[in-house]
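First up is the structure itself, then whatever we jot down about it.
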Amino acid sequence: MITIKSPREIEEMAKSGAILAGMHVGLRDLIKPGISSWDIEEFARKYFKEHDAIAEQIGFEGYEYATCVSVNDEICHGFPRKNLILKEGDLVKVDTVVNYHGAMSDSCWSYVVGKATPEVERLMEVTKKALYLGIDQAKVGNRIGDIGAAIQKYVEDENGYGDVREFIGHGIGPTMHESPNVPHFGEAGKGVRLREGMTITIEPMVNAGSWQADMSDPNGWVARTADGSLSCQYEHTIVITKDGPKILTSQDPDIDAKYLYKKD
């Protein structure tokens with residue numbers, strides 16, 4: 001069922017999103033060569049506790065961690081690991097969900113360890129732009145397919161990358177995953193019509209090679225690119241308003257000025 005959020009619910013989700021965004025901002029200084037991916041997990045747990053928030057992923061369908069930390073060819077759902085030491089040039093994706101007094105927010109961000117190679121830098125730039133092209137389509141009267149079509153056209157037709165099909169965005173709040181599904185591919189003008197008050201995630205995963213994922217890992221969680229190529233992801237939680245899409249997990253009020261949610 002698709003839930004339409006009240007102004008009060010959206011305001012609480014914005015508070016949750018601000019906590020999640022603050023954690024991501026903190027990772028900019030933490031992530032460097034020589035740390036383990038477990039250091040990211042510890043930082044996130046500590047940050048959420050200090051801000052009176054809950055790491056909602058812990059316990060979700062048996063998942064044991066506050067974060068998913070996926071490195072290089074890992075598309076998503078990578079476990080944080082004490083023995084995974086990050087090295088110069090690694091591409092790290094950190095995904096997590098925050099519960100703040102019952103209000104949910106979900107965001108993934110990509111980081112390069114040390115200095116990015118031209119390949120990594122371009123993949124990150126294209127993936128982030130794809131996210132914002134999708135967000136721009138999330139307006140009252142449009143359809144879910146408009147979001148996916150804009151992302152797919154930019155990622156695949158214009159840049160020759162792989163637009164992952166196996167994992168998609170979703171509705172969010174008051175639970176982690178709700179209707180509607182939000183694919184990052186598809187046909188414009190198709191799917192659920194977007195209405196004011198809907199809250200969704202848009203979270204394109206872009207592979208440097210093929211779009212296919214390999215989900216054969218025995219742990220049952222981590223997905224990798226089928227061809228071993230690099231993968232990148234960016235994700236925001238947004239609310240659809242009469243004034244356009246508004247980002248609830250923004251990390252930069254200047255860059256995201258036109259997308260900031262303001263209470264009426």
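We count residues from 1, following the sequence as given. Please read these numbers as outputs of a predicted model, since none were measured by experiment. The basis for the numbers below is simple: all heavy atoms, side chains too, and nothing from hydrogens, waters or symmetry mates.
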Ignoring hydrogens and geometry beyond distance, is a side-chain donor-acceptor pair present between [X] and [Y] at under 3.5 Å?
{"X": "T127", "Y": "Q233", "answer": "no"}
{"X": "Q152", "Y": "D163", "answer": "no"}
{"X": "S107", "Y": "E235", "answer": "no"}
{"X": "T199", "Y": "K5", "answer": "yes"}
{"X": "D146", "Y": "Q137", "answer": "no"}
{"X": "D256", "Y": "Y261", "answer": "no"}
{"X": "R224", "Y": "N72", "answer": "no"}
{"X": "T241", "Y": "D243", "answer": "no"}

Looking at the rings of F48 and Y100, which for Trp means the six-membered one, are their centres under 6.0 Å apart?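 No, they do not, as the ring centres are separated by 6.0 Å or more.
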Can you check whether Y234 and Y132 have ring centres sitting under 6.0 Å from each other?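 No, too far apart.
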With a 6.0 Å cut-off (strictly less than), is the heavy-atom count around CD of E119, excluding the residue itself, greater than 12?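 It does not: E119 CD has 12 such atoms or fewer within range.
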Has R28 got more than 12 heavy atoms of other residues, nucleotides or ligands less than 6.0 Å from its CZ?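 Counting other residues, nucleotides and ligands, CZ of R28 exceeds 12 neighbours.
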Among H236, H184, H170, which residue satisfies the side chain to side chain contact (heavy atoms under 4.5 Å, CB included) criterion with I202?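 Only one option passes, and that is H184.
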Look only at the side chain of E74 and the backbone of V71, and say whether a donor-acceptor pair between them is shorter than 3.5 Å.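 A pair under 3.5 Å: yes.
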Residues which pass side chain to side chain donor-acceptor pair (under 3.5 Å) with K129, listed by chain and number, not counting sequence neighbours: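 Once residues adjacent in sequence are excluded, K129 has no partner under the side chain to side chain donor-acceptor pair (under 3.5 Å) criterion.
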Students often mix this up, so state it plainly: with edges at 30° and 60°, are the rings of F79 and Y65 parallel, tilted or perpendicular?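 Rings of F79 and Y65: tilted, 30 to 60°.
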If the condition is salt bridge (Lys or Arg N to Asp or Glu O under 4.0 Å), which residues does K15 pass it with, not counting sequence neighbours?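 Checked K15 against salt bridge (Lys or Arg N to Asp or Glu O under 4.0 Å); matches are E12.
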Mind checking ring pair (Phe, Tyr, Trp, His ring centres under 6.0 Å) for F167 and listing every partner two or more places apart, or none if nothing turns up?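 Partners of F167 by the ring pair (Phe, Tyr, Trp, His ring centres under 6.0 Å) criterion, ordered by chain and then number, come out as H77.
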